[in-house]
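See structure below.
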Amino acid sequence: NWNTQFWETNNLNDFYQYLKIQNADIYQFQEHIEIDADGSNFVINDLKSLEGEFKDYQIVGKGELLIFSKYPIIKKYFDHSSYYMRNDIEIDGKIVSFYNVHVPVQIVPSYITNPIKFMNDIEYRFYWREEILNSLLNDIKNNKNLFYVSGDFNTTKSMREMNDLLSLTNDSFRYSSTLFPATWMAYGLKLWRIDYNLVSKNLNIITHEDIDPKSFSDHWGQKVKVEI
């Protein structure tokens with residue numbers, strides 16, 4: 001799992017090589033987007049190019065969310081909010097639902113100079129985020145498949161927003177050797193954890209490894225080995 005902090009477009013050879021070195025069976029990415037001259041985000045239409053570069057993978061994209069899978073994707077589901085997508089993947093005769101999630105941030109710092117707008121936006125985002133998380137939680141509760149949930153939740157563990165989801169899952173960070181499980185950094189310092197890899201309680205997590213993003217992102221990636 002990895003939030004790429006916008007998709008690399010200027011140094012594609014090194015970027016693709018960096019991805020290939022990870023040698024994962026399944027990749028889940030957030031922020032498969034670019035920024036134009038005025039700072040607006042837009043989705044990149046490069047799935048055909050990616051399929052040519054990563055020939056051993058089936059690739060599915062929805063908005064900014066992207067998955068590569070060496071195993072067959074048999075069903076695709078897209079939440080109406082577009083902030084998570086679900087792909088049901090057949091692995092050794094079993095169906096595992098992979099959820100790729102990116103929950104919006106709580107605040108927009110540039111609004112702070114306008115206190116009324118800032119406070120109204122915080123309230124709006126509270127209910128917006130709650131709707132996304134509730135939709136994801138309901139999907140998982142009604143899903144009879146094994147499942148793997150990963151992504152950027154823009155939420156720390158200390159926030160009660162994650163409690164229901166954490167109670168239903170195994171958290172891969174329990175299997176990490178990292179003493180301070182931060183995933184987002186600024187100025188080269190890992191500050192706090194907002195990215196998660198959560199699996200069905202009947203799936204066995206074998207290892208969890210934090211992946212240095214080099215210069216490509218402000219998020220560390222997570223490489224998790226699971227026994228299906």
Side-chain angles (χ1 to χ4, degrees), residues 1-7 28-36 38-43 62-67 78-86 98-141 147-169 171-174 176 178 180-199 210-211 213 216-222:
N1 176 75
W2 189 33
N3 181 328
T4 62
Q5 192 197 11
F6 311 114
W7 199 251
Q28 295 209 120
F29 301 106
Q30 301 86 49
E31 295 200 13
H32 178 232
I33 50 179
E34 228 182 317
I35 303 180
D36 61 19
D38 68 359
S40 301
N41 302 335
F42 63 94
V43 175
K62 174 65 174 178
E64 58 148 315
L65 302 173
L66 187 66
I67 185 171
F78 304 113
D79 180 63
H80 70 278
S81 70
S82 297
Y83 285 93
Y84 78 84
M85 72 173 179
R86 168 183 159 189
F98 280 78
Y99 293 87
N100 188 355
V101 185
H102 192 186
V103 178
V105 296
Q106 295 96 334
I107 64 170
V108 178
S110 61
Y111 290 175
I112 202 166
T113 55
N114 186 332
I116 295 175
K117 183 177 182 179
F118 183 67
M119 296 306 298
N120 287 341
D121 186 65
I122 286 177
E123 181 179 15
Y124 166 76
R125 286 173 178 274
F126 173 83
Y127 290 109
W128 182 24
R129 287 163 52 86
E130 185 176 58
E131 179 185 0
I132 294 166
L133 289 169
N134 284 340
S135 179
L136 173 64
L137 195 63
N138 289 333
D139 191 324
I140 291 170
K141 286 180 176 178
F147 62 84
Y148 187 112
V149 183
S150 70
D152 175 3
F153 285 78
N154 276 306
T155 308
T156 66
K157 246 185 138 176
S158 62
M159 298 177 180
R160 286 186 285 179
E161 292 171 296
M162 294 294 294
N163 285 357
D164 289 341
L165 185 56
L166 289 169
S167 71
L168 294 176
T169 58
D171 186 346
S172 71
F173 266 109
R174 293 171 53 198
S176 172
T178 304
F180 180 55
T183 62
W184 182 81
M185 62 183 181
Y187 306 106
L189 298 175
K190 293 173 76 174
L191 298 179
W192 52 76
R193 176 193 177 191
I194 56 176
D195 304 272
Y196 295 79
N197 291 259
L198 309 171
V199 308
D210 295 330
I211 304 299
F216 295 118
S217 176
D218 57 359
H219 287 253
W220 281 60
Q222 305 88 48

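Quick caveat: nothing in here was measured; it's all calculated off a predicted structure.
Under the side chain to side chain contact (heavy atoms under 4.5 Å, CB included) test applied with S217, the options Q5, M185, E31 reduce to a single match, Q5. Partner of F153 under the side chain to side chain contact (heavy atoms under 4.5 Å, CB included) criterion, out of L133, I194, D195: L133 alone.
In terms of the ring-ring contact (aromatic ring centres under 6.0 Å, His included) criterion, residue partners of Y124 (sequence neighbours excluded) are, by chain and number, W128. For W192, the ring-ring contact (aromatic ring centres under 6.0 Å, His included) partners at least two apart in sequence or on another chain are W184. The ring-ring contact (aromatic ring centres under 6.0 Å, His included) search around F147 returns none, not counting sequence neighbours. Applying the salt bridge (Lys or Arg N to Asp or Glu O under 4.0 Å) test to D218 and every residue at least two apart in sequence or in another chain returns nothing. Applying the salt bridge (Lys or Arg N to Asp or Glu O under 4.0 Å) rule to D139 yields the partners R86; only residues at least two apart in sequence or on another chain are considered. Every salt bridge (Lys or Arg N to Asp or Glu O under 4.0 Å) that E161 has, sequence neighbours left out, goes to R129.
Shown here is Y127, whose OH atom has no more than 12 heavy atoms of other residues, nucleotides or ligands within 6.0 Å.
In this structure, a donor-acceptor pair under 3.5 Å is absent between the side chains of Q106 and N154. In the model, N197 has a side-chain atom that pairs as donor or acceptor with a side-chain atom of Q222 under 3.5 Å.
Side-chain contact between T183 and D152 is absent, with no heavy-atom pair separated by less than 4.5 Å.
Using a 4.0 Å cut-off between a side-chain N of Lys or Arg and a carboxylate O of Asp or Glu, D121 and K117 do not qualify as a salt bridge.
The aromatic rings of Y84 and Y99 sit tilted, their planes meeting at an angle between 30° and 60°.
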